[in-house]
There are 2 protein chains.
Amino acid sequence: MPRVGLTPAGVLGHALDLIDETGPEALTLAAVAARAGVATPSLYKHVSGGLPELRRLVAVRVTEELAEALAEAVLGRSRDDAVEALLGAYIGYAERHPYRYAALPQAPQEDAELRRAAARLVGVIVAVLRGYGLDGTEAIHAARTVRATAHGFASLATGGAFQLAADLVVTQQRLVRVLTEGLRAWPTA
Amino acid sequence: MPRVGLTPAGVLGHALDLIDETGPEALTLAAVAARAGVATPSLYKHVSGGLPELRRLVAVRVTEELAEALAEAVLGRSRDDAVEALLGAYIGYAERHPYRYAALPQAPQEDAELRRAAARLVGVIVAVLRGYGLDGTEAIHAARTVRATAHGFASLATGGAFQLAADLVVTQQRLVRVLTEGLRAWPTA
DNA sequence: CCGCAAAGCTATGGCTAATAGCCATAGCCG
DNA sequence: CGGCTATGGCTATTAGCCATAGCTTTGCGG
């Protein structure tokens, strides 16, 4: 049979395409194989761990992309300006790739590679917090606060949980305002 | 064959037990049927919509429980006191029933019953916000802010996304502080 | 006491992931 | 250049899942 030149990266690419088009639920080995022009079992030659492994790869990739978007957004900015850019980039990524973002949370968290990617994401946040004079334990609490608000809004907004008619952009502005005020008044223990 | 006296409510009960024990992924008709002492197809006599219907029922029930917990927590409290109780109840519910909370839909739901339950939950939040003089459109933005922070923290905390050693209880206190300060200084348009 | 709707069942079909084992290709190396 | 090994395909199979169709039994209400 003619080799189709599949690689692990190629399989991941098809997986991401599938997720983007039809949602995380649609990520099946059968669908990926069909898209790659290959029979399902052949995928195991490239992704030995099967579906769980593929999901893991997706989570790592998305986390990396998100961390990269955040890092780029805060370049050359500080304090409130950086926080606004950070939230904008976070929520913007989730809005541009809602299914991809939704594929994030149900990943196994004990994976080393995923933790490394997540650490980079947190690192960007912590770097921004230094502009508020925060470090050490309080920086961790503040980073969690930032992450919780960003994730909460992104998750609810992309999930369609905000039913009422009010403008989501305004809500995002309010969220940024609450966050920046909170960070400026943070108890610098 | 002896009738086992199954009812829709009974099926839902088994489904919730299963989710509590093994996670939302473990919710299968086969497992529910085994637990109920019944063959899989028999479930369709009580839950005609099959697995999607069962998942829907779970989501409605969990939303109702959460709304109820919030309503009870804010009874007799107002302003910062109410917000603290609200977040505590929300996060507490998620921590006591992490799988159940994780079973809440992350996909857009146009189900009427679910929307009604969600509306009750939002109603409790909006009621608290009246203590800050907020209503109308700004109350919606503020409610979204509260919901985003609560969901974001609950989701990340129960999902194990906060890896570092710092105390989650302290983070929650900081979150409450940021939120209450933000609500007190809300732009009452 | 009997009819009949409700509630159980088995059988079947069509998905899925995953494993086992076979065959064709590619590219290296003597 | 010939052959060998590693690799990347394949088919077949197993096991588990949801779902539908259609039969049988139960037990309630008239």
Side-chain angles (χ1 to χ4, degrees), chain A residues 1-61 99 102-103 106-108 110-111 114, chain B residues 1-61 99 102-103 105-107 109 111 114:
Chain A
M1 297 291 109
R3 303 209 173 180
V4 69
L6 212 47
T7 66
V11 174
L12 175 56
H14 287 302
L16 288 168
D17 290 347
L18 252 168
I19 288 175
D20 282 339
E21 290 168 20
T22 342
E25 309 297 313
L27 179 62
T28 72
L29 290 186
V32 171
R35 191 169 281 249
V38 129
T40 304
S42 305
L43 294 178
Y44 285 84
K45 301 285 179 168
H46 308 282
V47 186
S48 59
L51 191 55
E53 164 86 353
L54 192 50
R55 283 203 258 252
R56 193 187 68 82
L57 290 174
V58 168
V60 171
R61 165 65 67 89
Y99 288 143
Q106 61 256 31
E110 70 272 8
D111 179 69
L114 182 56
Chain B
M1 298 290 115
R3 302 211 172 179
V4 69
L6 213 47
T7 67
V11 174
L12 175 57
H14 287 303
L16 288 169
D17 289 347
L18 252 168
I19 287 175
D20 282 340
E21 290 168 21
T22 343
E25 310 297 315
L27 178 62
T28 72
L29 291 185
V32 170
R35 193 168 280 251
V38 128
T40 304
S42 305
L43 294 178
Y44 286 84
K45 301 286 179 173
H46 308 281
V47 185
S48 59
L51 191 54
E53 165 85 353
L54 191 50
R55 282 203 259 250
R56 193 187 69 81
L57 291 174
V58 167
V60 171
R61 166 65 67 89
Y99 288 144
Q106 51 269 19
Q109 288 289 353
D111 179 69
L114 183 54

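Being a predicted model, the structure only gives us computed values, none of them experimental. Every chain is numbered from 1 and lettered A, B, ... according to where its sequence line falls, protein lines coming before strand lines.
Under the 4.5 Å side-chain criterion, counting only non-hydrogen atoms from C-beta, Val60(A) is in contact with Asp111(A). A 4.5 Å side-chain heavy-atom check between Leu6(A) and Leu43(A) finds at least one atom pair inside the cut-off. For the pair Leu27(A)/Arg55(A), a side-chain contact is recorded, criterion being any heavy-atom separation below 4.5 Å from C-beta on.
Residue His46(B) places none of its side-chain N or O atoms closer than 4.0 Å to OP1 or OP2 of dA6(C). At dA18(C), one or more side-chain N or O atoms of Tyr44(A) fall inside 4.0 Å of OP1 or OP2 (strictly under the cut-off). For dG8(D), the OP1/OP2 oxygens have no side-chain nitrogen or oxygen of Ser42(A) closer than 4.0 Å.
Within a 6.0 Å radius of CD in Glu25(B), no more than 12 heavy atoms belonging to other residues, nucleotides or ligands are found.
Across all strands, Ala39(A) comes closer than 4.0 Å to base atoms (heavy-atom distances).
Sequence order on DNA chain D of the closest nucleotides to Leu51(B) and Lys45(B) puts Leu51(B) first from the 5' end.
Closest to the Pro41(A) side chain, of the nucleotides dT11(D), dT20(D), dC18(D), is dT11(D). Listed nucleotides: dC18(D), dG8(C), dT16(C). Nearest to the side chain of Ala30(A): dT16(C).
Regarding Leu54(A), its CG atom lies at a distance of 13 Å from the C1' atom of dA17(C), rounded to whole Å.
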